[in-house]
Each structure stands twice: as C-alpha cells, then as structure tokens.
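Atom set for the values below is all heavy atoms of this structure, side chains included, hydrogens, waters and symmetry mates excluded.
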Amino acid sequence: MLSLVLSTVAFFIASYFAKRYLDDMGMPKGATRSLWIFCVAAAVSYLVAFIVDWIRT
C-alpha cells in the first residue's frame, strides 16, 4: 500500500517538473509533449514503487 501511495505522489511531482522543464525549453504543447511527460512520470513512478518494495523486503 505504501508503494502505491508514494508512486502516485511521485507521478504527479514528476509530471509537474517535466512540464516546467519543457516550458522552459519552449517545446510547443501537443500530443508528443503529452506522451513524453506521461512516459517520464510513469517511469519515475515505477522506479519509486520498485525502490519502496525493495526496501520493505
């Protein structure tokens, strides 16, 4: 349960910072940008869940 909560929080934090990064770069909004943000946030979320599970075992 802890990994689910922490990975959800990590997803939203990662998506926020990915959006800010792409805004600073001047990348126009569109499907490619949204997909990139989702993939980065999902990867961070999976990594956080993996680390939490690894620590708890």
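Between Phe38 and Phe11, the two ring planes are perpendicular [angle over 60°; tilted spans 30° to 60°].
Connection of Ile13 to Tyr16 is established within a shared hydrophobic cluster, with ILVMFWY side chains joined at heavy-atom distances below 4.5 Å, either directly or through further cluster members. Cluster membership check: Tyr21 shares its hydrophobic cluster with Met27, using side-chain heavy-atom separations under 4.5 Å among Ile, Leu, Val, Met, Phe, Trp and Tyr.
Considering CD1 of Ile55 and CZ of Phe50, their distance stands at 10.0 Å, rounded to 0.5 Å. One distance of note links OG of Ser15 with CD1 of Ile37; it measures 7.5 Å at 0.5 Å rounding.
Looking only at distances, no side-chain donor or acceptor of Arg33 sits under 3.5 Å from a matching main-chain atom of Pro28. The backbone N or O of Ser7 sits less than 3.5 Å from a side-chain atom of Ser45, completing a donor-acceptor pair. A donor-acceptor pair under 3.5 Å is formed between the side chain of Thr8 and the backbone N or O of Leu4.
Contact of the Lys19 side chain with the Val40 side chain is not registered, since no non-hydrogen atoms from C-beta on lie closer than 4.5 Å.
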Working note: Lys29 + Leu22, criterion side-chain contact (heavy atoms from CB on, under 4.5 Å); need CA distance, chi angles, decisive distance, verdict. CA-CA 9 Å; Lys29 294 181 179 179; Leu22 293 178; over 6 Å; no
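For the side chain to side chain contact (heavy atoms under 4.5 Å, CB included) test, no residue two or more places apart in sequence or in another chain qualifies with Ser34.
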